[in-house]
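Inspection log for the structure reproduced underneath, given as structure tokens.
For ligands, and for the atoms within them, numbers begin at 1 and follow the listed sequence.
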Amino acid sequence: MKVDTLNHPTSKNYIAGQFKDHDYKKMDVFSPLDGTVISTVPLSDNKALEEAVAAAQKAFPAWSALTMKERVQIFFKFRTLLEENIDELTEIVHIENGKIRSEAKAEVLKGIELCEFACSMPQLINDQIQEVSQGVECRTSHHPLGIVASITPFNFPFMVPLWTMPNAIALGNCMIMKPSELVPLSVQRIAELLKEAGLPDGVFNIVNGDKVIVEAICDHPAIEAVSFVGSTRVAKIVYKRATSNLKRCVALGGAKNHLIVLPDAHLEMAATNIAASMAGCAGQRCMAASAMVGVGNIDHIVKRLCEVARDIVPGSSLGSVISKEAKERIERYITEAEAAGAKVLVDGRNAVVEGKEGGYYVAPTVIDHVTPDMAIAKEEVFGPVLAIMRTNDIDEAIRIENSSNYGNASSVFTQNGGMARYVMDRVSAGMVGVNIGVPVPREPFSFGGWNESKFGVSDITGHSSVHFWTKLKKTTTKWNPEAFTNWMS
Ligand code: NAD
């Protein structure tokens, strides 16, 4: 089956290399661009999961017995196929998620980069070997865990599945993917292209659904590890449930990212970066700038930022938010902040795109004189909204950042290296930027926040993910009987 986004495909589970017509209740999938139904998705239960686990168990012995170099050959081919199908993949992301085409394409390109990291796995994994006493050698080797699962959110339907799948599979695991039920199509196309690249049946499987299937994954005794990306509320549920069932788990949650802006910041670089960070992907990024703390007089930066924000137009340079409920939630935060005394400088409420009146649009919104106690200053809004707080004291700005329950990203804008360093050293966030609105660490660096933005020890990508998806064997050998016998021999 080739996903034809124009013909409203029915999303299906993918088990043992086949799309399956399970007889489950189906949920409509809407394109947030115009509110039309583009697909349906089955709300699966444990029965489909059992089938997927059985397929993965059947595939695991042969897949894990291959060398790493053999396994990554699939990802070299897969990468080529992604490039060949880039326009179609872009269109699927655009239609199911609502981000504009240039952002959808950037998401696909980032997915290709993630694939390249998996291709380089044989060069990256350097197992150790050392003669630890006369004639006795110790060595470490990385081994796959077995059957693993990945649960993903709506905001990056193509990229987030590629945060986990290529690394986990290249390292010898078999995977069960549970995409967001709001955006099930990109992952279907990924499954088809993996098959075309030669991935053996059962190594990658998809079970669609909602909370029911997520709970079944967390409870299944044959699943060794669960990775989760989504809201903090659900990350906590998944982390507690998976680890209480003695599984390895890394669960990435939501965010409230602070930008600390000093008056000496480069005006154009700061204004354009901040606007792009808060409005890009309609603010539906866990790395989006959502709170800004100005230290001293930053009026000139706010003025220019508002000009840039006003030039971002829904429907052309700004995509939709995911749903009617999301639009209402975002607009409610703006209205409540205004009622509490904040000043709306750029108002994105009630945005409508001509010809797409059924779509869910919120235009960029800049709100000044927000106070740290307001909900808009503390909670994740997940829309193109920037809440600006003011202070005259850098330590107070850092205190505001540190008081957040989250800790995904934080950035400082200044041209003073000493001040940048002062802030970098003190903010409580896993990913920190200087003069960068979206400080995403690119491969081979790993991605992961602090505090309630991530539960679990490892990060989800890069070098750190190798530790998450493997277990270490430590082997000690002795082949020379004539060697000195010590306490260890
Ligand atoms: P979500 O938590 O609603 O859903 C994520 C996944 O969990 C989906 O697959 C969904 O089906 C499942 N799920 C939903 N409710 C559940 C429940 N009660 N029990 C078990 N499973 C459940 O998140 P979302 O709305 O799809 O995505 C947006 C959120 O994801 C934002 O909070 C955003 O910050 C976060 N996010 C974080 C990162 C990160 O790297 N930290 C990256 C992307 C998105």
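- Distances from atom 11 (O) of ligand 1 to the heavy atoms of E181, K236, Q284, E452 put E181 nearest.
- Residue contacts with ligand 1 for E380 involve side-chain atoms from C-beta outward but no N, CA, C or O (heavy atoms, distance under 4.0 Å).
- Among the atoms of G254, none of the N or O lies under 3.5 angstrom from an N or O of ligand 1.
- Nearest-heavy-atom check against atom 21 (N) of ligand 1 across V214, L43, V229, I460 picks out V214.
- A salt bridge does not link E328 with R332: every distance from a Lys NZ or Arg NE/NH1/NH2 to an Asp or Glu carboxylate oxygen is 4.0 Å or more.
- Using a 4.0 Å cut-off between heavy atoms, N155 contacts ligand 1 through its side chain alone, with no backbone atom that close.
- Any N or O atom pair closer than 3.5 Å counts here, and E215 shares no such pair with ligand 1.
- Donor-acceptor pairing under 3.5 Å is recorded for the side chains of S150 and T164.
- The proximity of T232 to ligand 1, defined as any non-hydrogen pair under 4.0 Å, does not occur for either the backbone or the side chain.
- At the top of the distance list for atom 26 (O) of ligand 1, counting protein heavy atoms only, stands F154 N, 3.1 Å.
- Between K178 and ligand 1, at least one pair of N/O atoms sits closer than 3.5 Å.
- Heavy-atom proximity to atom 41 (N) of ligand 1, evaluated over P184, S453, G253, G449, is greatest for G253.
- For ligand 1, the polar-atom distance check against V234 finds no nitrogen or oxygen pair separated by under 3.5 Å.
- Using a 4.0 angstrom heavy-atom cutoff, F228 counts as in contact with ligand 1.
- In summary, the side chains of Y333 and E379 do present a donor paired with an acceptor at a separation below 3.5 Å, with no hydrogens or angles considered.
- In this comparison of A288, G230, C286, the heavy atom closest to atom 35 (C) of ligand 1 sits on G230.
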